[in-house]
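Below is one structure, written out as structure tokens; the observations come after it.
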Amino acid sequence: MTRFGWLNAVSLTFGFAFLYLPILILVIYSFNASKLVTVWGGFSTKWYVALFQNAQLLAAAKMSLLVAVVTATLATVLGTLAAIALTRARRLPARTLFQGMTYAPLVMPEVITGLSLLLLFVALGIDRGFWTITIAHTTFALCFVAVVVQSRLTAFDMSLEEAARDLGASPVKAFCLVTLPLIAPAVAAGWLLAFTLSLDDLVIASFTSGPGSTTLPMRIFSAVRLGVSPEINAASTILIAAVAIGVMTATLAAKWGARRETRSQ
Amino acid sequence: MPSSSNAEARAGRGGRRVLNASFVGLLPYVWLLVFFLIPFLIVLKISLSTAFYGQPPYEPVLDLAEGVGATWEKVKTLSLGNYTFLASDSLYVEAYLSSLKIAAIATVLTLLCGFPIAHAMARAPRGWRPLLIALVIMPFWTSFLIRVYAWVGILKREGLLNAVLLELGAIGEPLTILNTNFAVIVGIVYAYLPFMILPLYAALERQDPALLEAASDLGSPPWLAFWQVTVRLSVPGIVAGSLLVFIPAVGEFVIPNLLGGSNTLMIGQTLWNEFFLNHDWPLSSAVAVVLLVILVVPITLFQRYQAREVE
């Protein structure tokens, strides 16, 4: 047994302070009546009121949500299929190429991905808008889904699916009824990851969007380039709260699920 | 067909035929070919073209419908002009070098910040660990743009950090931190820290604490045992985490744009400006191709690690 030690405790305290203080400050100042960061003008929700009257920002938020939902769904299907192929196919043609294309977008600088997709859309003569952003987002998000699902699939006991086949289920049925429910948490995590990645992306969306398809990060970016804006702080706080609630629910659900699993054994 | 031979291979091993994996992979495979690989070939082609005032703003525009002969005539007009321009203009050379330098410094600092945190997480009581991991992942789920923007209010001249330092009497007058390379480095360390912590934690968590005890039983002082056992054994995590930070940081756009100043030179921003402000598509394509060539070695290293990690 090793002792946790004061050094480790200090590392954790400073580490998490560094990670969370900037976010906390941002949240606090979204309730500041004064526009200045250093002056506390009293508690106020006026920036939230202004936010909900900002039609441009709301339209961009709607656009972003729509892109993110479609992206997450497409990326989850494609990414799960890619994960199955990479984990199970023993003789995958051009495996290295496929593997390379699946992992490279995880680290590829966004400016390169954005530029290359834009040039493709121009070469094909496609008008830029909702679908070009969605296709671009799906392309990099599917790789994240593939990695998440693949790590679950490698640990998966194949004999379960084979048993279903022995009992006469078709390959598709065996997969959908046996494997899919068991890897569902990873698939759901993949969907959420793809959703947030899409919702968050500025660079790739800037390259692939057209007139009338401005996303939320693009609006936020053009607002904050000129300095601190309390209205954007308010928008950020809402986004952060949504994410925090989502992550906590997921963590609790996973914990609850694990407890139920151990109890049933 | 490779798919049927795959099924035979499975049946031959005594297994039952399950969902045909090669066939299933076809859809994502085609998707990635069309939307990931082919676009790079287009970037390469356009980087050899010349800027042209019109739509699309480059020439020649290849069109096979004009016949093979006419297309070939156009192909012959492609040139390396954009690349010789990049090499001759010191602005671009400096932008590449300074991006690599900033990314390297930031990666080392991220490692130095991330290691103690990952180490403490791996040694924390087992029951705490899921919560600690969730706490590291949570900022990663929060908008990157917002997290970078949060530093503007902290680092600027009338910002929070200067106000605190002035109040404490540590400085006589406000420091200029925002719009410097230092602010860019702080931004990179902050934004990419979770990417460093998670692979480090994965490597550290696997280690058996008994190894350290064995080293000290054999007479090794704690610092030496730490170095030779803990650090040595976490090299895969160190390499993976560093690559996850370094590669995207070299081409970073948002951080230098929001936190950097007029003398911050980073190639992602240069590419962005060439494209959106100067509308020089061929030159920005050439910038992208050179950036990719610079990053091809670290990207390949990362893919190897990732392939090993999931298998």
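In what follows, every chain begins at residue 1, and chains take the letters A, B, ... in the order their sequences are listed.
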> Yes or no on side-chain contact (heavy atoms from CB on, under 4.5 Å) for A:V203 and B:V254, after CA distance, side-chain angles and deciding distance?
Replying inline: CA-CA 8 Å; A:V203 175; B:V254 174; 4.2 Å; yes

Please determine, among [options], the option with the most heavy-atom pairs under 4.5 Å with chain B.
{"options": "A:S159, A:A83, A:A9, A:P105", "value": "A:P105"}
{"options": "A:A123, A:A163, A:G100", "value": "A:G100"}
{"options": "A:V10, A:L197, A:L153, A:L142", "value": "A:L142"}
{"options": "A:L115, A:T179, A:D200, A:L193", "value": "A:D200"}
{"options": "A:V111, A:T196, A:T139", "value": "A:T139"}
{"options": "A:L118, A:V122, A:I135", "value": "A:I135"}

Flag if over 12 foreign heavy atoms under 6.0 Å of [atom1], [X]:
{"X": "A:W40", "atom1": "CH2", "result": "yes"}
{"X": "B:R157", "atom1": "CZ", "result": "yes"}
{"X": "A:Y20", "atom1": "OH", "result": "yes"}

Nearest 0.5 angstrom please: [X] [atom1] to [Y] [atom2], how far?
{"X": "A:S116", "Y": "B:L41", "atom1": "OG", "atom2": "CG", "answer": "10.0 Å"}
{"X": "A:F98", "Y": "B:L37", "atom1": "CZ", "atom2": "CG", "answer": "12.5 Å"}
{"X": "B:Y149", "Y": "A:R225", "atom1": "OH", "atom2": "CZ", "answer": "15.0 Å"}
{"X": "A:D201", "Y": "B:F144", "atom1": "CG", "atom2": "CZ", "answer": "10.5 Å"}
{"X": "A:I220", "Y": "B:I146", "atom1": "CD1", "atom2": "CD1", "answer": "5.0 Å"}
{"X": "A:S206", "Y": "B:F253", "atom1": "OG", "atom2": "CZ", "answer": "7.0 Å"}

Please look at [X] and chain A and tell me whether the side chain, the backbone, both or neither of the residue comes under 4.5 angstrom of a heavy atom of that chain.
{"X": "B:Y29", "answer": "both"}
{"X": "B:K156", "answer": "side chain"}
{"X": "B:S285", "answer": "both"}
{"X": "B:N257", "answer": "side chain"}
{"X": "B:F35", "answer": "both"}
{"X": "B:L145", "answer": "both"}
{"X": "B:L244", "answer": "both"}
{"X": "B:F115", "answer": "neither"}

> Which heavy-atom pair separates B:G25 from A:A85 by the least distance, and what is that distance?
Replying inline: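 Minimum heavy-atom contact is CA-CB, 3.4 Å.
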
>> Minimum heavy-atom separation for B:P28 and A:A82, please, with both atom names.
In response: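 In this case the closest contact between B:P28 and A:A82 is CG-N, 3.5 Å.
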
Side chain from CB out, backbone as N, CA, C, O: work out which of these in [X] comes under 4.5 Å of a heavy atom of chain B, or both, or neither.
{"X": "A:L119", "answer": "both"}
{"X": "A:T80", "answer": "neither"}
{"X": "A:F221", "answer": "both"}
{"X": "A:L26", "answer": "side chain"}
{"X": "A:Y29", "answer": "side chain"}
{"X": "A:L81", "answer": "both"}

[X] versus [Y]: any side-chain heavy-atom pair under 4.5 Å?
{"X": "B:L292", "Y": "A:M108", "result": "yes"}
{"X": "B:L27", "Y": "A:L78", "result": "yes"}
{"X": "A:C143", "Y": "B:F36", "result": "no"}
{"X": "B:I154", "Y": "A:P22", "result": "yes"}
{"X": "B:L243", "Y": "A:V107", "result": "no"}

Which one of [options] has the most heavy-atom pairs closer than 4.5 Å to chain A?
{"options": "B:L160, B:V152, B:V289", "result": "B:L160"}
{"options": "B:I299, B:I247, B:N162, B:V245", "result": "B:I247"}
{"options": "B:P298, B:S143, B:A150", "result": "B:S143"}
{"options": "B:P248, B:P194, B:A163", "result": "B:P248"}
{"options": "B:A124, B:G159, B:C113", "result": "B:A124"}

Could you list the donor-acceptor pairs under 3.5 angstrom formed between side-chain atoms of residues 132-139 of chain B and any protein atom two or more places apart in sequence or on another chain?
none

> Could you go step by step and tell me if A:L106 and B:F302 meet the side-chain contact (heavy atoms from CB on, under 4.5 Å) rule?
Replying inline: CA-CA 10 Å; A:L106 300 179; B:F302 171 75; 4.0 Å; yes

> Considering the options A:T13, A:N8, A:L12, A:L19, which one meets the side chain to side chain contact (heavy atoms under 4.5 Å, CB included) requirement together with B:I117?
Replying inline: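 Of all the options given, the one that passes is A:L12.
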
> Mind checking which of residues 266-273 of chain B sit less than 4.5 Å from chain A, heavy atom to heavy atom?
Replying inline: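 So far as heavy atoms go, B:G268, B:L271, B:W272 are the residues that approach chain A to under 4.5 Å.
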
> In terms of the angle between their ring planes, are A:F18 and B:Y190 parallel, tilted or perpendicular, with boundaries placed at 30° and 60°?
Replying inline: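 Ring orientation, 0 to 90° scale: perpendicular.
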
